[in-house]
Number of protein chains: 2
Amino acid sequence: MFETEGGAANPQAMRLAMLKAVRLKLLRLGSATKAELSRSAGISFPTVGKLLDRMVKDGEAKVVGLDESSGGRRALRYAMNPEHVLGLAVFLERDETVFAVFDCLGDVKERGRRASVLDEGPDALAELVREIVRAYPKIGATAIGVPGAVNGGRAFHIPDYGKFRDFDLAAYFEERLSMPAVVENDMNAAVIGYRDRSGGTAGPPVVYLYLGKNGPGAGLLVNGDVVRGSTFFSGEVSFVPLDRDRSFERALDEEGGPGRGRDPLPPGAVEAIARLVASLAAILNPGEVVFNREEASGETLAAIAAKGAEYVPAEHLPRLVASDWTQDYLLGLQRLALDLLMAKEH
Amino acid sequence: MFETEGGAANPQAMRLAMLKAVRLKLLRLGSATKAELSRSAGISFPTVGKLLDRMVKDGEAKVVGLDESSGGRRALRYAMNPEHVLGLAVFLERDETVFAVFDCLGDVKERGRRASVLDEGPDALAELVREIVRAYPKIGATAIGVPGAVNGGRAFHIPDYGKFRDFDLAAYFEERLSMPAVVENDMNAAVIGYRDRSGGTAGPPVVYLYLGKNGPGAGLLVNGDVVRGSTFFSGEVSFVPLDRDRSFERALDEEGGPGRGRDPLPPGAVEAIARLVASLAAILNPGEVVFNREEASGETLAAIAAKGAEYVPAEHLPRLVASDWTQDYLLGLQRLALDLLMAKEH
DNA sequence: GACACTTTTTAAACGCGTTTAATAAGTATG
DNA sequence: CATACTTATTAAACGCGTTTAAAAAGTGTC
């Protein structure tokens with residue numbers, strides 16, 4: 001369907017949208033014939049044909065064989081060429097900067113770590129990226145994950161790191177490195193990655209809950225979109241009032257016990273989380289609440305679910321899932337970079 | 001911009017989207033020249049011209065005068081013809097059924113009330129609508145508001161009214177009355193109406209909070225879309241855990257005092273609402289939380305805000321607004337019917 | 001091994017929005 | 001009152017996706 005408010009809907013944009021659709025479908029399907037693509041993407045056969053022929057000529061896609069005949073002429077089977085473009089994910093963390101180079105299939109080509117650039121500023125980050133791009137000239141887009149609030153994928157402000165505060169990193173990258181870039185908050189990237197890994201459809205809301213040593217936080221997905229809030233404060237669940245005079249964060253702190261935030265959580269922490277999950281269910285009614293599996297899994301999740309059912313009817317409680325946070329975070333950034341890559345002109 | 005997943009993006013759909021955009025812009029602007037429409041809708045001048053000429057020929061729009069010259073040829077000014085199509089809003093309530101006929105400017109042509117059809121079933125509703133349409137043959141779309149969960153604007157189930165449970169009312173209307181119809185939950189319709197009245201842009205999340213005699217509920221708007229949740233349970237804030245062992249609803253009940261749910265709320269209720277608002281702020285971070293002004297306004301809202309600031313930093317608290325629930329509800333249904341009307345072919 | 005039947009692929013004609021150029025309708029000024 | 005300058009409107013040419021028809025490439029059967 002179309003979205004008119006705001007953006008222009010010219011034929012050129014239509015072409016680009018269709019190109020993107022074909023690319024994404026071909027990626028998701030692994031390989032496909034023109035007829036399959038036409039059907040699954042809802043685009044007419046001739047258009048798919050022209051787009052795909054062009055992609056093959058450019059080296060972006062390639063013929064991988066002939067299908068068995070189903071009674072008539074045998075169809076050619078196409079697949080994306082993973083060597084054609086690469087993406088870059090950069091994780092800006094407090095004590096280090098991690099990066100990963102990957103192809104459009106998601107295979108990581110190289111991983112690396114450097115000293116944190118958060119204190120240094122944007123120039124240091126740009127220098128690092130320039131260096132990586134020298135080694136992998138086929139990199140065509142960058143996704144940057146940050147532990148702070150992000151506005152529209154562009155500007156962001158991190159409380160303690162003045163050099164990046166309210167800095168439009170995407171525009172800076174576009175100008176200095178002539179490469180498209182997205183910036184996204186770490187929790188939001190993780191929830192995007194999780195959603196992508198488990199189906200990828202819009203579906204019901206998803207909440208990614210991170211308990212964390214530096215205070216809990218959450219990434220929210222509603223109708224397929226990240227929730228940012230009016231002051232970029234959404235997901236700051238540490239402030240949710242829990243008991244008569246305790247916030248979620250304080251309750252977690254006080255009930256944390258000796259092993260503070262590691263899997264077998266003490267009953268007090270389970271209770272606090274159950275109440276938060278119940279609140280989420282009664283407000284957003286997510287289909288899933290995802291936990292970092294190092295912080296909560298198996299038995300703990302079952303305990304949380306049991307407690308939560310005391311507040312909210314069990315059929316309306318979300319499925320509680322344990323997942324690999326680091327992997328989801330990477331996947332989210334990959335998805336974001338891939339979206340950029342796929343939206344580019346030939 | 002475009003949205004490819006799912007829907008086909010053919011030129012015809014493009015035409016329809018543009019037609020809709022021109023209609024909505026013309027409605028919002030009241031009157032406009034072709035150049036103004038072209039600029040504000042992001043559509044090229046010739047296209048706006050063709051569309052508008054056609055609309056004038058069909059009687060849908062009309063010339064309302066010539067602009068003063070701004071140095072050159074004077075521009076023709078156009079406006080929608082409010083007599084061309086009408087919309088119908090039907091409110092299915094527990095003890096009565098209310099309807100309103102209105103034109104595309106939102107002016108209500110007629111209001112009426114009948115005995116509730118919730119016990120009778122869909123056929124009684126269809127008969128009522130048929131009767132109204134006989135009196136106003138220009139009605140081209142219907143929006144139906146119900147006090148129950150709605151799925152994708154089509155099917156819905158109300159706990160106590162079996163005849164409507166899981167019934168696809170939209171399809172039924174399309175088939176029997178050959179008229180497009182939407183069905184929407186009352187709280188969701190109200191929040192859509194409020195959003196529409198106060199700007200109408202997508203903007204930050206909005207929550208419409210209704211305390212209600214039959215238990216509180218909320219309508220949520222995120223990124224411009226209604227939040228429905230995985231089991232259509234979103235907004236059921238009565239279940240939010242508040243104190244050590246009380247839900248929001250029980251707290252409200254016990255603290256309600258003698259005047260139960262009327263404007264000067266007792267301190268206990270204010271406290272409960274403040275905690276709920278704080279939870280909303282920490283999870284969704286809405287820009288506004290709207291109250292029925294008969295339940296809370298002025299002083300009460302100030303008290304809630306003051307209390308809320310004890311839990312969440314004041315700058316991240318939503319603006320608390322008192323509004324007219326009935327009017328917002330009507331406006332929401334009008335907007336939904338209008339969306340249908342505007343999306344139709346000539 | 002030629003003929004009928006499928007299925008894939010290519011080609012032509014059409015609709016629609018856009019860009020670019022041309023025309024029409026005013027205003028200001030000498 | 002005629003000429004230059006602005007602004008609005010109309011017309012022509014182009015790009016793009018779609019629908020519809022034609023051609024190409026296989027498979028099976030008598």
Side-chain angles (χ1 to χ4, degrees), chain A residues 1-4 6-23 25 31-57 61 63-78 343 345-346, chain B residues 1-4 7-23 25-26 31-57 61 63-78 343 345-346:
Chain A
M1 286 296 271
F2 285 66
E3 189 90 0
T4 49
N10 26 14
Q12 267 191 66
M14 188 152 115
R15 177 186 181 74
L16 218 65
M18 296 194 155
L19 179 59
K20 185 175 175 178
V22 168
R23 284 164 161 167
K25 273 282 183 281
S31 72
T33 66
K34 287 179 180 176
E36 285 168 8
L37 283 172
S38 164
R39 219 170 318 124
S40 82
I43 300 173
S44 78
F45 188 95
T47 301
V48 171
K50 283 176 203 166
L51 251 28
L52 212 44
D53 289 350
R54 179 73 191 259
M55 284 165 68
V56 170
K57 192 177 296 181
V63 177
V64 293
L66 278 159
D67 266 26
E68 289 306 298
S69 169
S70 57
R73 176 172 174 176
R74 298 169 67 186
L76 286 163
R77 180 158 286 275
Y78 297 84
E345 197 44 283
H346 296 282
Chain B
M1 286 300 272
F2 285 67
E3 188 90 0
T4 48
N10 26 11
Q12 267 192 64
M14 189 152 116
R15 176 186 182 74
L16 217 65
M18 294 192 157
L19 179 60
K20 184 174 175 178
V22 168
R23 284 163 161 169
K25 273 281 183 283
L26 192 49
S31 73
T33 66
K34 287 178 180 174
E36 284 168 9
L37 283 172
S38 164
R39 220 170 316 125
S40 83
I43 300 174
S44 78
F45 188 96
T47 301
V48 171
K50 282 176 204 164
L51 251 28
L52 211 45
D53 289 350
R54 179 75 190 259
M55 285 166 68
V56 169
K57 193 177 294 181
V63 178
V64 292
L66 279 159
D67 265 25
E68 288 305 299
S69 168
S70 57
R73 177 173 174 175
R74 298 170 67 188
L76 285 163
R77 179 158 287 275
Y78 297 83
E345 196 44 281
H346 297 280

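Within every chain, numbering begins at 1; the chains are lettered A, B, ... in the order of the sequence lines, protein sequences first and strands thereafter.
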**Prompt:** At under 4.0 Å between heavy atoms, what does B:Ser70 touch on the DNA or RNA strands: base, sugar-phosphate, or nothing?
**Reply:** sugar-phosphate

**Message:** Applying a 4.0 Å non-hydrogen cut-off, can you work out what B:Ser44 is touching in the nucleic acid: base, sugar-phosphate, or nothing?
**Reply:** base

**Fill in**
To the nearest 0.5 Å, atom NZ of A:Lys50 lies from atom CG of A:Leu19 at 14.0 Å

**Request:** By nearest nucleotide on DNA chain C, pick out whichever of A:Gly72 and A:Gly49 is the more 5' one.
**Result:**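 Final value for this comparison: A:Gly72.
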
How long is the line joining [atom1] of [X] and [atom2] of [N], in whole Å?
X	N	atom1	atom2	answer
B:Lys34	C:dG17	NZ	C1'	16 Å
A:Asn10	D:dC14	CG	C1'	14 Å
B:Leu76	D:dT7	CG	P	17 Å
A:Lys50	D:dC16	NZ	P	9 Å
B:Asp67	C:dG26	CG	P	13 Å
B:Phe45	D:dT7	CZ	P	14 Å

If you check the [X] side chain, which of [options] turns out closest?
X	options	result
A:Asp53	D:dT18, C:dT27, C:dT10	C:dT10
B:Arg74	C:dT20, C:dT27, C:dA24	C:dT27
B:Met14	D:dA11, C:dG17, D:dT18	C:dG17
A:Ala75	D:dG26, C:dT9, C:dT18	C:dT9

**Request:** Measure across B:Ser69 and B:Gly72 and return the closest heavy-atom pair with its distance rounded to 0.1 Å.
**Result:**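 Looking at all heavy atoms of both residues, the shortest contact is OG-O, 2.7 Å.
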
**Asked** Looking at B:Arg15, does any N or O in its side chain come under 4.0 Å of the phosphate oxygens OP1/OP2 on C:dG15?
**Response** no

**Asked** Is B:Thr47 near enough to C:dG17 that one of its side-chain N or O atoms lies under 4.0 angstrom from OP1 or OP2?
**Response** no

**Prompt:** Would A:Glu36 and A:Arg77 pass as an ion pair if we require N to O under 4.0 Å?
**Reply:** yes

**Request:** Tell whether A:Arg73 reaches the base of C:dT8 with its side chain through a donor-acceptor pair below 3.5 angstrom.
**Result:** yes

